[in-house]
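A quick write-up on the structure given underneath.
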Amino acid sequence: MTTAGAVREQVWDDLIGRQACAYPLPPHGHCPNFTHAKKAAAQLLAHPDLTARHTLIVGPERALLPLRQQALKVGKTLYVPHQKKEGWYWRVTDPRGARLSTLPAYGEPTLTPDGAQAAVLACVAVDLNGARLGKGFGWGARGLPLNLPEYTLAHPLMLREALPCPADSHVHLIGMPDRVLTCPP
């Protein structure tokens, strides 16, 4: 069986080899900030399952910045996991709070993501069945004990037919630059 670490290394190598990622470089050790993440975010946010949800937990990763920006601009409330206080979130409604550096000025620290209806997590790899593999540590790897639907964004190079290793979580939708993939439950 191929390990999760080997899958991550292959994805990171593929992305860097095809010049399909941006800062921070190299992507190794991160949920990669892939090219066209902005398009993938727009695709996911336009999906009926997301347009109906007004309060989301959205990861702090750089690849999710366009999604945070777009979601806040259309009036959604976001909870972003706090980077320095485990178990805490930033509640943010102001579009100026989309960047991690601006959360202290425009976000409100809170222990509970009140009213959260779904979570958008970054990934390193995801398969057609919705098996999501994160970077291997951090808040996303610990899981969300909130029983919420989960979504992710991915570049085509991050998509696999099937993960050959255990997944960190299962997502319902995958926002891609040109479409949204619906995963089986």
Fill in: Spatial distance of atom OG1 (Thr152) from atom CG (Leu67) [nearest 0.5 Å]
10.0 Å
Discussion item. Do Tyr106 and Pro95 make a side-chain contact, defined as non-hydrogen atoms from C-beta onward lying under 4.5 Å apart?
Written reply: no
Discussion item. I'd like to know if the side chain of Asp168 reaches the main chain of Gly134, judged simply by a donor and an acceptor atom lying under 3.5 Å from each other, with no hydrogens or angles considered.
Written reply: yes
Worksheet item: Nearest 0.5 Å, what's the CG-CG distance between Leu153 and Leu64?
Response: 5.5 Å
Discussion item. Are the side chains of Pro109 and Tyr89 in contact, using a 4.5 Å heavy-atom criterion?
Written reply: no
Item to complete: Report the C-alpha distance between Tyr79 and Arg91 in whole Å, list the side-chain angles of each, state the deciding distance to 0.1 Å, and finish with yes or no for side-chain contact (heavy atoms from CB on, under 4.5 Å).
Response: CA-CA 5 Å; Tyr79 287 94; Arg91 181 183 182 278; 3.6 Å; yes
Practice prompt. Decide whether Val120 and Val126 are clustered together by the hydrophobic rule: side chain heavy atoms of Ile, Leu, Val, Met, Phe, Trp, Tyr closer than 4.5 Å, transitively.
Written response: no
Worksheet item: Should Glu9 and Thr3 be marked as a side-chain contact (heavy atoms from CB on, under 4.5 Å) after you check the CA-CA gap, both sets of side-chain angles, and the distance that decides it?
Response: CA-CA 10 Å; Glu9 288 295 329; Thr3 66; over 6 Å; no
Item to complete: Examine distances only and state if a side-chain atom of His170 and a backbone atom of Pro184 form a donor-acceptor pair shorter than 3.5 Å.
Response: yes
Discussion item. Evaluate Asp178 against Lys39 for side-chain contact (heavy atoms from CB on, under 4.5 Å), listing each step before the verdict.
Written reply: CA-CA 7 Å; Asp178 61 345; Lys39 289 180 183 177; over 6 Å; no
Practice prompt. Please report the shortest heavy-atom distance between Val92 and Leu72, naming the atom on each side.
Written response: O-CD2, 3.4 Å
Fill in: Point-to-point distance, once rounded to the nearest 0.5 Å, from CD of Glu161 to CG of Leu128
5.0 Å
Worksheet item: Taking the side chain from Gln69 and the backbone from Ala98, do they hold a donor-acceptor pair closer than 3.5 Å?
Response: no
Worksheet item: Hey, any chance Val80 and Leu44 share a hydrophobic cluster, counting ILVMFWY side chains that come within less than 4.5 Å of each other, even indirectly?
Response: yes
Worksheet item: Do side-chain atoms of Arg8 reach the backbone of Ala125 as a donor and acceptor pair under 3.5 angstrom?
Response: no
Worksheet item: Can you name the nearest heavy-atom pair linking Val58 to Pro81, along with the distance?
Response: O-CD, 3.4 Å
Item to complete: Applying side-chain hydrogen bond (donor to acceptor under 3.5 Å, both in side chains) between Tyr151 and each of Arg132, His47, Arg53, report the one that passes.
Response: Arg53
Worksheet item: Should Leu65 and Leu45 be regarded as members of a common hydrophobic cluster, given that ILVMFWY residues are connected when their side-chain heavy atoms come within less than 4.5 Å of each other, either directly or indirectly?
Response: no
Worksheet, complete the sentence: Scanning both residues in full, the closest heavy-atom pair of Cys123 with Ala154 reads SG-CB, 4.3 Å
Fill in: Polar side-chain atom of His30 near backbone of Pro32 as donor-acceptor pair, under 3.5 Å
no
Discussion item. Give me the atom names and distance for the closest heavy-atom approach of Leu133 to Pro166.
Written reply: CD1-O, 3.9 Å
Worksheet entry | Interatomic spacing from OG1 in Thr102 to CZ in Arg99 - rounded to 0.5 Å | 7.5 Å
Discussion item. Whether the side chain of Gln117 engages the backbone of His54 through a donor-acceptor N/O pair (distance < 3.5 Å, no angle test) should be reported.
Written reply: yes
Discussion item. Please report the interatomic distance CD(Gln10) to OG1(Thr2), rounded to the nearest 0.5 Å.
Written reply: 10.0 Å
Worksheet item: Roughly how far apart are His36 NE2 and Gln43 CD, rounded to 0.5 Å?
Response: 12.5 Å
Discussion item. Please check: side-chain N/O of Asn129 versus main-chain N/O of Ala131, any donor-acceptor pairing under 3.5 Å?
Written reply: no
Worksheet entry | Same apolar cluster: Leu50 and Leu181, side chain cutoff 4.5 Å | no
Worksheet item: What pairs meet the ring-ring contact (aromatic ring centres under 6.0 Å, His included) rule with one or both residues in residues 8-27, with sequence neighbours excluded?
Response: Trp12-His28
Practice prompt. Please report the closest heavy-atom contact between Pro177 and Pro156, naming both atoms and the distance.
Written response: CD-CD, 4.1 Å
Discussion item. Are the side chains of Lys76 and Gln70 in contact, using a 4.5 Å heavy-atom criterion?
Written reply: no
Practice prompt. Examine Val11 and Phe34 and state if one hydrophobic cluster contains both, with Ile, Leu, Val, Met, Phe, Trp and Tyr joined whenever side-chain heavy atoms are less than 4.5 Å apart.
Written response: yes
Worksheet item: What closest approach, in Å, do Gly29 and Lys135 show between heavy atoms, and which atom pair accounts for it?
Response: O-CD, 3.8 Å
